[in-house]
Novice: 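Attaching a single structure in structure tokens format; questions to follow.
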Amino acid sequence: MLTLAQALRCHPLPRLEARMLLQHVRPGLTHARMIADPDLQLTESEAAQFTQLAQRRLQGEPMAYLLGEREFYGRNFRVTPAVLIPRPETEHLVEAALQRVAAVAPMRVLDLGCGSGAIAVTLALEAPVWQVQAVDLSAAALEVARGNAEQLGAVVHFHQGSWYQPLAGQGDFDLIVSNPPYIEQHDHHLDEGDVRFEPRMALTDESDGLACLREIIAGAPLRLKPGGWVMLEHGYDQGEAVRQLLRQAGLQAVETLLDLAGLDRVSLGRKAVA
């Protein structure tokens with residue numbers, strides 16, 4: 001039998017990651033219990049599961065996929081290899097939306113390329129009077145997103161298709177948000193770290209990194225109400241290019257917001273009030 005102490009020592013994992021995997025295979029196991037009872041034995045099944053997960057982690061697989069969840073905006077979202085892993089930087093997009101759009105009015109909101117549903121579900125929960133719709137091309141991603149909405153009690157209407165394509169007859173929106181694929185196709189980051197295991201179609205446009213951003217921005221003015229906003233997450237070196245695209249589309253109040261590292265992260269623009 002494998003004890004907690006042996007499990008923490010027998011794999012060259014960071015101690016925190018080993019603890020998280022142990023807590024995953026033995027629900028209810030607390031950090032305090034690990035300290036107080038290091039000789040607690042894992043069952044044969046728990047030991048085998050822990051060993052398998054530890055080996056996968058040593059091969060580079062993201063902890064979020066091993067644990068099946070990742071926290072975003074204070075809530076746990078289920079994640080699978082069908083969706084991007086929610087990242088803290090994307091919380092800036094949520095915060096920008098909540099700060100600039102009235103959260104107490106029944107606004108119509110659209111999330112394009114919703115993935116796990118982290119953005120759409122969070123907005124629906126933070127502003128319950130908003131009418132939130134979300135689109136993704138991947139059926140597998142939408143299955144994850146729908147599950148997260150149901151688990152967290154959010155009302156979100158999901159559509160499968162490419163960007164605006166499935167929204168015919170849905171009317172105009174007060175807010176369009178998106179964290180689209182924005183990595184350039186030859187960027188070395190696609191072959192490094194957690195990104196190696198994430199869905200490529202959610203990471204890169206297989207072009208210059210701006211193709212999806214161009215399409216979303218070009219279509220936004222036709223689908224925004226007067227005074228409506230479009231807000232987009234993008235790469236740290238894309239702020240100037242995205243601002244230019246927003247201005248070319250005729251949008252106003254264009255600006256780029258920085259993340260906690262001081263890097264360009266979210267750009268936004270507003271349709272003129274008629």
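Residues take their numbers from the sequence shown, with the count starting at 1.
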Novice: Can we say R200 and E206 salt-bridge, meaning some charged N sits less than 4.0 Å from an Asp/Glu carboxylate O?
Specialist: yes

Novice: So M34 and L4, do their side chains get closer than 4.5 Å, heavy atoms only?
Specialist: yes

Novice: Applying the 4.5 Å side-chain criterion to the ILVMFWY set and letting contacts propagate, would L213 and L257 be lumped into a single cluster?
Specialist: no

Novice: Sequence neighbours left out, what pairs pass salt bridge (Lys or Arg N to Asp or Glu O under 4.0 Å) with at least one residue falling in residues 13-23?
Specialist: E17-R57

Novice: Keeping the roles fixed (side chain from E46, backbone from T43), state whether a donor-acceptor pair exists under 3.5 Å.
Specialist: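 Flag set: sc E46 to bb T43 pair under 3.5 Å.
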
Novice: Treat each ILVMFWY residue as a node, draw an edge where side-chain heavy atoms are under 4.5 Å apart, and state whether L29 and L13 are in one component.
Specialist: yes

Novice: Passes side-chain hydrogen bond (donor to acceptor under 3.5 Å, both in side chains), Q41 versus T3? Steps please.
Specialist: CA-CA 4 Å; Q41 292 186 339; T3 67; over 6 Å; no

Novice: Can you establish whether the number of heavy atoms outside Q131 located under 6.0 Å from its atom CD is more than 12?
Specialist: yes

Novice: By the salt bridge (Lys or Arg N to Asp or Glu O under 4.0 Å) test, which pairs, at least two apart or in different chains, include something from residues 71-85?
Specialist: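 Matches after skipping sequence neighbours: R75-E126.
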
Novice: Is the closest side-chain heavy-atom distance between N148 and F72 below 4.5 Å?
Specialist: no

Novice: Can you list the other members of the hydrophobic cluster that holds L263, where links are side-chain heavy atoms under 4.5 angstrom apart?
Specialist: Y236

Novice: Quick one: hydrophobic cluster around V83, which other residues, with the 4.5 Å side-chain cut-off, linked directly or via members?
Specialist: Y65, V79, I85, V144, F197

Novice: Please list all pairs passing the salt bridge (Lys or Arg N to Asp or Glu O under 4.0 Å) test where one or both residues lie in residues 210-228, with sequence neighbours left out.
Specialist: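 Those involving residues 210-228 are D174-K225, D208-R214.
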
Novice: Only pairs under 3.5 Å count here: list side-chain donor-acceptor contacts from residues 110-125, not counting sequence neighbours, and write none if there are none.
Specialist:
{"residue": "D111", "atom": "OD2", "partner": "A120", "partner atom": "N", "Å": "3.4"}
{"residue": "S116", "atom": "OG", "partner": "A118", "partner atom": "N", "Å": "3.4"}
{"residue": "T122", "atom": "OG1", "partner": "A118", "partner atom": "O", "Å": "2.5"}

Novice: Distance-only, no hydrogens or angles: does the Q59 side chain make a donor-acceptor pair with backbone N or O of R56 under 3.5 Å?
Specialist: no

Novice: So which atom in V155 and which in H157 form the shortest heavy-atom distance, rounded to 0.1 Å?
Specialist: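 So the minimum-distance heavy-atom pair works out to CG1-NE2, 4.3 Å.
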
Novice: Would you say V177 and V266 are hydrophobically clustered, going by side-chain heavy atoms of ILVMFWY under 4.5 Å?
Specialist: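 Both belong to a single hydrophobic cluster.
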
Novice: What residue pairs, at least two apart or across chains, pass salt bridge (Lys or Arg N to Asp or Glu O under 4.0 Å) with a residue in residues 81-96?
Specialist: R87-E198

Novice: Where is the tightest heavy-atom contact between D205 and A211, given as atom of each residue plus distance?
Specialist: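 Shortest heavy-atom separation between D205 and A211 comes out as OD2-N, 2.8 Å.
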
Novice: What I'd like to find out is whether the side chain of P181 reaches to under 4.5 Å of the side chain of L203, using heavy atoms alone.
Specialist: no

Novice: Check each of E240, R243, Q238 against D264 using the side-chain contact (heavy atoms from CB on, under 4.5 Å) test, and report the only one that passes.
Specialist: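 Of the listed options, the one satisfying the test is R243.
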
Novice: Once you round to the nearest 0.5 Å, how far does CZ of R146 lie from CG of D136?
Specialist: 10.0 Å

Novice: What pairs with E255 under side chain to side chain donor-acceptor pair (under 3.5 Å), at least two apart in sequence or on another chain?
Specialist: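 Scan of E255 (side chain to side chain donor-acceptor pair (under 3.5 Å), adjacent residues dropped) gives R100.
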
Novice: Within the 4.5 Å heavy-atom criterion, are L258 and R265 side-chain neighbours or not?
Specialist: no

Novice: Using side-chain heavy atoms (C-beta onward) and a distance below 4.5 Å, is H92 in contact with D259?
Specialist: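 They are in side-chain contact.
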
Novice: Taking V135 as the starting point, is it possible to reach L232 by hopping between hydrophobic residues whose side chains are less than 4.5 Å apart?
Specialist: yes

Novice: Can you list the other members of the hydrophobic cluster that holds M201, where links are side-chain heavy atoms under 4.5 angstrom apart?
Specialist: L137

Novice: Is the NZ or CZ atom of R108 both under 6.0 Å from the centre of the six-membered ring of F173 and within 45° of that ring's axis?
Specialist: yes

Novice: Just by distance, no angles: are the side chains of T90 and E233 close enough, under 3.5 Å, to form a donor-acceptor pair?
Specialist: yes

Novice: Would you name the heavy atoms of A18 and F50 that are closest together and state the gap between them?
Specialist: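 Looks like O-CE1, 3.7 Å.
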
Novice: Can you confirm whether W229 sits close enough to V101 that some side-chain heavy atom of one is under 4.5 Å from a side-chain heavy atom of the other?
Specialist: yes

Novice: Please identify each residue that fulfils side chain to side chain donor-acceptor pair (under 3.5 Å) with H159, with sequence neighbours left out.
Specialist: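 In terms of side chain to side chain donor-acceptor pair (under 3.5 Å), with neighbours along the sequence ignored, H159 is linked to Q133.
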
Novice: Taking all heavy atoms of L66 and all of H24, pick out the closest pair and write down the distance.
Specialist: O-NE2, 3.6 Å

Novice: Apply side chain to side chain donor-acceptor pair (under 3.5 Å) to H186 and list each qualifying residue two or more places apart in sequence or on a separate chain.
Specialist: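 Side chain to side chain donor-acceptor pair (under 3.5 Å) list for H186, sorted by chain: empty.
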
Novice: Less than 4.5 Å apart, any side-chain heavy atom of I183 and any of L190?
Specialist: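 Heavy-atom side-chain distance check passes, below 4.5 Å.
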
Novice: Under the 3.5 angstrom rule, does the side chain of K271 hit a backbone N or O of L224 as a donor-acceptor pair?
Specialist: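 Checked: pair present.
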
Novice: So do Y73 and P86 actually touch side chain to side chain, heavy atoms under 4.5 Å?
Specialist: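 No - every pair of side-chain heavy atoms lies 4.5 Å or more apart.
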
Novice: Please enumerate all residues that pass side chain to side chain donor-acceptor pair (under 3.5 Å) together with S207, with sequence neighbours excluded.
Specialist: none

Novice: In this structure, would L21 and L40 fall into the same cluster of hydrophobic residues linked by side-chain contacts under 4.5 Å?
Specialist: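 Linked, L21 and L40 end up in one cluster.
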
Novice: In terms of heavy-atom contacts, does CD of E44 have more than 12 from other residues, nucleotides or ligands at under 6.0 Å?
Specialist: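 Counting neighbours around CD of E44, 12 or fewer heavy atoms of other residues, nucleotides or ligands fall under 6.0 Å, so no.
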
